[in-house]
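Computed from heavy atoms alone, side chains included, the values below leave out hydrogens, waters and symmetry copies. Ligands are counted one by one from 1 in listed order, and the atoms in each one are counted from 1 as well.
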Amino acid sequence: MGAFNDWRWKSFTIKLNKTDLKGDWWSCHVYVPLEAYKMDFVFFNGGSVYENNDKKDYCVLVEGVMDAFAFEDFLLEEKHRELQKLAADQAERERQEEERQRIEAEKAATELDRQKARLEVEKRRAKLQGAVKEAVRFVDNVWHFEPSAFKGEDLVRLYYNRSSGPLANASEIWIHGGHNNWSDDISFSGRLVRDERKDGEWWYAHVIVPSGAFVLDWVFANGPPGSATLYDNNQRQDFHAIVPNAIPEEMYWVEEEHRMFRKLQEERKIQEQARRAKAEIIAKMKAETKKRTMKKFLLSQKHIVYTDPLDIQAGSSVTVFYNPSNTVLNGKPEVWFRCSFNRWTHRNGPLPPQKMLPADTGSHFKVTVKVPLDAYTMDFVFSEKQDGGIYDNRNGMDYHIPVFGGVAKEPPMHIVHVAVEMAPIAKVGGLGDVVTSLSRAVVDLGHNVDIILPKYDCLNLNNVKNLQFHRSYSWGGTEIKVWTGKVEGLSVYFLEPQNGLFWKGCIYGCGNDGERFGFFCHAALEFLLQSGVHPDILHCHDWSSAPVAWLFKDHYMHYGLSKTRVVFTIHNLEFGGHLIGKAMQFSDKATTVSHTYSKEVSENSTISPHLHKFHGIVNGIDPDIWDPYNDKFIPVCYTSEDVVEGKRAAKEALQRRLGLNLSDKPLVGIITRLTFQKGIHLIKHAIWRTLDRGGQVVLLGSAPDPRIQNDFVDMANHLHNAHAKSARLCLAYDEPLSHLIYAGADFILVPSIFEPCGLTQLIAMRYGSIPVVRKTGGLYDTVFDVDRDKERAQAVGLEPNGFSFDGADSAGVDYALNRAITAWYDNRDWFNSLCKQVMEQDWSWNRPALDYIELYYSARK
Ligand SMILES: Nc1ncnc2c1ncn2[C@@H]1O[C@H](COP(=O)(O)OP(=O)(O)O[C@H]2O[C@H](CO)[C@@H](O)[C@H](O)[C@H]2O)[C@@H](O)[C@H]1O
């Protein structure tokens with residue numbers, strides 16, 4: 001009994017035969033496979049008696065192309081092939097399932113078309129019944145046909161007695177005719193001539209009876225259709241004649257129904273093809289953007305680390321270049337490279353530390369590594385000595401670079417968000433957008449995400465698919481019903497405590513919000529515990545779900561959720577500072593929504609003790625939810641290629657909808673919650689400045705504070721009187737209108753006093769609108785002034801994309817807004833190319849989601 005390569009390959013059992021050699025020699029033939037580098041074997045009697053060389057077994061080496069390492073790779077390749085086959089099988093099954101669903105949908109749609117055709121025909125038939133009742137064969141002394149019996153497609157003469165009606169003195173007489181109660185409007189017309197052979201005023205026209213006609217409908221007039229001024233329309237009843245030998249009515253309607261059905265089918269097919277073609281274009285554009293962004297990501301640390309090649313392939317060699325002069329290892333005589341794979345979990349453990357050698361290019365050092373076939377990330381840090389000393393481990397995050405084409409895939413993480421807002425079903429501001437769009441991006445990267453949300457009575461349920469009762473449990477003295485549903489493709493658990501805490505008709509502003517959300521956080525943890533769900537990451541947001549952090553650490557961690565880590569994100573430090581401070585203390589990692597805001601708040605007493613675990617990760621926007629190429633709220637879809645035409649149509653639709661002049665003026669849009677944070681006095685000033693410059697302004701915003709709301713209502717009244725054609729303030733929350741403004745505006749103004757990230761400037765750019773912003777927080781990180789920030793933009797691989805200002809006063813606003821409007825008036829070609837350029841920048845989650853994944857992993861270390 002034997003096998004090859006340490007018993008890992010092709011085992012065999014063969015019966016030996018006695019040979020005629022001298023002594024007690026037995027033998028057998030063994031086939032040695034190509035992949036063998038060693039043969040292992042023992043002898044046995046076919047039963048339980050073994051000769052296994054004192055438990056060491058026997059082995060002989062095999063000469064050939066294989067050794068232990070090559071065999072390792074060979075096995076991985078085998079596994080790879082097997083996985084590929086499984087994946088192909090799976091893909092085929094999915095394709096078949098899709099095909100089945102497509103056929104099913106097609107069947108249902110066909111049935112619907114058939115019903116529609118039937119209904120339509122019934123409607124027309126009922127309508128025709130009336131006309132048939134009124135129709136006759138002739139009217140004495142007014143009109144008749146020759147011959148009197150005829151059918152569809154016959155040529156007949158229609159006689160008319162001119163003196164019978166209002167055309168008695170007309171010099172010309174025309175017939176405007178149709179059939180079956182004008183079913184195709186006018187289907188024939190012609191000029192009548194006088195019949196000299198008859199007595200009296202008899203005029204006639206030749207008419208070809210339309211096929212399928214039961215009833216002919218007509219009027220007489222003194223000119224052809226379009227230029228007649230006098231009619232004989234039988235006292236507004238029109239004339240109706242029966243077609244005596246028409247085809248049987250039943251047959252006609254059966255044919256009509258068929259014709260209608262075919263037409264509907266044809267229309268549907270064309271629509272379906274257009275939809276599919278569009279989906280393909282969208283997928284292609286998305287993939288290209290993603291690829292560009294990934295490349296930029298790989299190059300983004302080039303001043304510290306980069307690899308050659310940039311995309312590392314499993315099973316190949318890669319050279320890592322490192323420049324210590326920008327790190328803590330600056331000036332050290334030696335640099336050592338310490339590396340492993342798969343987030344330090346690779347089966348072979350870390351590679352032995354390698355000393356890096358100076359590279360030819362300036363201050364970089366280099367080292368070459370063989371990447372195993374089952375790698376999906378390459379992980380490394382640098383140290384000053386072979387045995388350690390000072391490390392550059394990227395502030396505790398380590399360096400991780402994705403490896404492509406390997407046989408192993410990154411195991412998915414399970415992330416659960418506990419949040420009180422979620423777009424589009426319960427959105428108040430940007431927090432709701434981020435919960436949805438970050439989750440979608442993380443799912444796209446192959447991880448599992450669930451969201452736990454209160455079941456408010458004011459949820460927008462139109463956007464929840466498959467809402468179902470899931471279970472109920474008791475906690476906090478009440479029954480809590482749990483519902484599940486899909487929102488934007490994400491799985492959501494809705495908690496509905498029967499004590500009515502979320503039946504208040506609103507999300508915030510109930511007086512006891514702290515108590516309501518505190519209860520919700522506790523209930524969410526209880527739900528996870530009772531359902532036996534053990535996520536890797538619990539992600540909570542702002543003061544409203546901050547309690548998750550300490551409730552978890554104080555209680556639930558000890559009840560069996562011990563592998564879970566808590567990540568806390570600050571979207572706005574303005575509210576609930578105490579709760580935020582406590583969550584900062586108890587969370588494993590904390591983030592805020594831009595790098596600059598993280599610096600701006602770093603001295604805040606709630607943050608400063610925790611800087612070691614605090615990171616700024618800029619927000620992204622969801623490229624599917626905000627997509628001018630696929631947006632049902634704008635009149636013409638567009639990409640960067642036809643941005644000018646697309647925006648022109650959107651601007652016109654916006655002007656029309658809000659009653660503004662339909663002229664080509666620079667249009668400034670503002671979309672915001674109206675709070676102190678958003679720079680209210682600067683917004684007001686900008687409205688007047690834009691009007692001074694001959695532009696138009698549209699503001700969409702609502703104020704939670706009634707004093708501010710009233711103030712804007714006054715301003716709106718004033719503006720709508722004095723500048724009705726140039727300014728419109730919509731003081732409400734209106735998602736569809738916001739899309740039209742993003743598309744129709746030339747500029748989106750964001751003059752915030754402080755701004756953790758800001759999404760409106762990012763959405764603006766996606767729609768080719770130019771942001772005009774105050775340089776603060778995330779606005780500083782995402783908007784680069786065309787005149788002042790060229791270098792700062794280039795440092796992050798971008799071209800400048802907007803206008804910005806520093807001061808929080810009117811002079812500041814003027815500085816940016818005047819330049820923006822002047823550029824629009826004086827340099828339209830350049831302005832249009834700027835619109836195209838900002839549309840091509842990637843402000844989606846493609847990049848920031850990678851940073852969140854890194855953060856989640858580092859929280860688990
Ligand atoms: N009247 C209205 N009608 C329709 N839509 C409206 C609207 N008013 C605002 N919106 C929409 O609400 C969102 C606002 O997001 P922001 O990030 O700009 O601000 P917000 O201060 O709410 O968010 C906070 O959290 C986010 C997320 O982290 C941070 O980016 C931000 O800096 C921080 O203040 C955008 O999607 C915008 O279109």
Side-chain angles (χ1 to χ4, degrees), residues 417 419-424 426-439 460 507-508 539-545 568-576 580 590-598 600-601 616-622 625-626 631 633 669-680 683 698-704 708-709 712 716 728-743 745 748-767 769 771 773-774 776-783 843 845 848 852:
H417 288 269
V420 308
E421 282 189 52
M422 180 186 189
K427 167 172 158 180
V428 175
L431 192 165
D433 284 313
V434 169
V435 168
T436 304
S437 52
L438 167 62
S439 300
N460 175 359
I507 295 175
Y508 301 106
H539 195 154
C540 48
H541 302 265
D542 271 359
W543 68 269
S544 48
S545 55
F568 175 60
T569 294
I570 300 175
H571 299 261
N572 199 332
L573 190 54
E574 265 311 271
F575 309 104
I580 287 181
T591 71
T592 188
V593 289
S594 71
H595 177 69
T596 295
Y597 189 66
S598 77
E600 286 170 359
V601 297
I617 303 179
V618 73
N619 283 335
I621 52 168
D622 192 302
I625 295 171
W626 302 106
D631 187 327
F633 302 122
I670 304 155
I671 300 171
T672 184
R673 294 183 294 110
L674 291 167
T675 58
F676 162 79
Q677 171 192 348
K678 302 296 178 177
I680 285 178
I683 292 178
V698 172
L699 177 143
L700 171 63
S702 59
I708 300 181
Q709 180 81 6
F712 270 87
R728 172 65 45 178
L729 311 190
C730 307
L731 301 176
Y733 183 88
D734 188 337
E735 182 97 25
L737 179 59
S738 77
H739 285 242
L740 189 59
I741 299 174
Y742 284 121
I748 293 289
L749 176 77
V750 198
S752 306
I753 302 304
F754 70 91
E755 194 60 80
C757 177
L759 299 175
T760 53
Q761 79 280 15
L762 306 182
I763 305 171
M765 290 192 266
R766 175 88 169 135
Y767 282 76
S769 302
V773 308
R774 191 165 165 269
T776 179
L779 296 169
Y780 177 85
D781 293 351
T782 54
V783 178
W843 295 107
W845 283 98
Y852 267 100

(message) Tell me the nearest of Leu759, Asp433, Thr760, Asn619 to atom 36 (O) of ligand 1, using heavy-atom distances.
(response) Asp433
(message) So, 4.0 Å and heavy atoms of Thr675: is ligand 1 close enough to count as a contact?
(response) no
(message) Looking at ligand 1, is there an atom of it that comes within less than 4.0 Å of some heavy atom belonging to Gly758?
(response) yes
(message) Below 4.0 Å from ligand 1: does a non-hydrogen atom of Gln761 turn up there or not?
(response) no
(request) With sequence neighbours excluded, give me every salt bridge (Lys or Arg N to Asp or Glu O under 4.0 Å) pair touching residues 755-766. (result) Asp627-Arg766, Lys678-Glu755
(request) Show which atoms of ligand 1 fall inside a sub-4.0 Å distance from at least one heavy-atom site of Ile763. (result) 36 (O)
(request) Between Val434 and ligand 1, find which residue part has any heavy-atom pair under 4.0 Å and reply side chain, backbone, both or neither. (result) side chain
(message) Measuring from non-hydrogen atoms of Tyr742 to any atom of ligand 1, is the shortest distance under 4.0 Å?
(response) yes
(message) With a 3.5 Å distance limit and no angle check, can you tell me whether Arg673 reaches the backbone of Ser702 through a side-chain donor-acceptor pair?
(response) no
(request) Please determine if Ser738 has a nitrogen or oxygen closer than 3.5 Å to a nitrogen or oxygen of ligand 1. (result) no
(request) Could you verify whether a donor N or O on one side chain and an acceptor N or O on the other, from Thr592 and Ser598, lie under 3.5 Å apart? (result) no
(message) Can you see whether Ser437 engages Trp845 through a side-chain donor-acceptor pair at a distance of less than 3.5 angstrom?
(response) yes
(request) Begin from the C-alpha positions of Gln677 and Asn572 and carry the test side-chain contact (heavy atoms from CB on, under 4.5 Å) through to its verdict. (result) CA-CA 10 Å; Gln677 171 192 348; Asn572 199 332; 3.0 Å; yes
(message) Under a plain distance cut-off of 3.5 Å, with no hydrogens placed, do Thr782 and Gln761 share a side-chain donor-acceptor pair?
(response) yes
(request) Classify the contact between Val750 and ligand 1 as side chain, backbone, both or neither, using a heavy-atom distance cut-off of under 4.0 Å. (result) neither
(message) Could you tell me if the side chain of Glu421 sits less than 4.5 Å from the side chain of Val434, heavy atoms only?
(response) no
(request) Tell me which one of Gly430, Ala764, Cys757 gets a heavy atom nearest to atom 23 (O) of ligand 1. (result) Gly430
(request) Below 4.0 angstrom from a heavy atom of Asn572, which ligand 1 atoms are there? Numbered from 1 as shown, please. (result) 34 (O)
(request) Tell me which part of Val428 gets within contact of ligand 1: side chain, backbone, both or neither, using heavy atoms under 4.0 Å. (result) neither
(message) For His571, is there any backbone N or O sitting under 3.5 Å from a side-chain donor or acceptor partner on Asp542?
(response) yes
(request) Just need the protein heavy atom nearest to atom 3 (N) of ligand 1, so name the residue and atom and give the distance. (result) Asp734 N, 3.0 Å
(request) Provide, to 0.1 Å, the distance between atom 10 (N) of ligand 1 and the closest protein heavy atom, together with that atom's residue and name. (result) Ile671 CG2, 4.0 Å
(message) Could you tell me if His739 and Asp631 have a donor-acceptor pair between their side chains, going purely by distance under 3.5 Å?
(response) yes
(request) Among all protein heavy atoms, pick out the one at the shortest distance from atom 21 (O) of ligand 1; state its residue, atom name and that distance to 0.1 Å. (result) Arg673 NH2, 2.6 Å
(request) Please write down residue, atom name and distance for the protein heavy atom closest to atom 12 (O) of ligand 1. (result) Lys427 CE, 3.5 Å
(request) State whether a side-chain donor-acceptor pair under 3.5 Å links Tyr597 with Asp781. (result) no
(request) Could you establish whether Ala732 and ligand 1 come within less than 4.0 Å of each other, counting only heavy atoms on the residue side? (result) yes
(message) Checking Leu779 against Ser752 for the side-chain contact (heavy atoms from CB on, under 4.5 Å) test, could you report, in this order, the C-alpha distance in whole Å, the side-chain angles of both residues, the deciding distance, and whether it holds?
(response) CA-CA 9 Å; Leu779 296 169; Ser752 306; 4.0 Å; yes
(message) Suppose we measure from atom 2 (C) of ligand 1 to each protein heavy atom; which comes out shortest, and what is that distance?
(response) Tyr733 CD1, 3.5 Å
(request) Tell me which protein heavy atom sits closest to atom 28 (O) of ligand 1, plus the residue, atom name and distance to 0.1 Å. (result) His571 ND1, 2.6 Å
(request) List the closest protein heavy-atom neighbour of atom 32 (O) of ligand 1: residue, atom name, distance to the nearest 0.1 Å. (result) Glu755 OE2, 2.5 Å
(request) For Ser594 and Val618, indicate whether the former's side chain and the latter's backbone hold a donor-acceptor pair under 3.5 Å. (result) no
(request) Please could you name the atoms of ligand 1 that Leu431 approaches to less than 4.0 Å, counting only its heavy atoms? (result) 25 (O), 27 (C)
(message) Main chain of Val420, side chain of Ser544: is a donor-acceptor contact present, judged purely on distance under 3.5 Å?
(response) no
(request) If you have a sec, work out which protein heavy atom is nearest atom 34 (O) of ligand 1 and how many Å separate them, to one decimal? (result) Gln677 NE2, 2.9 Å
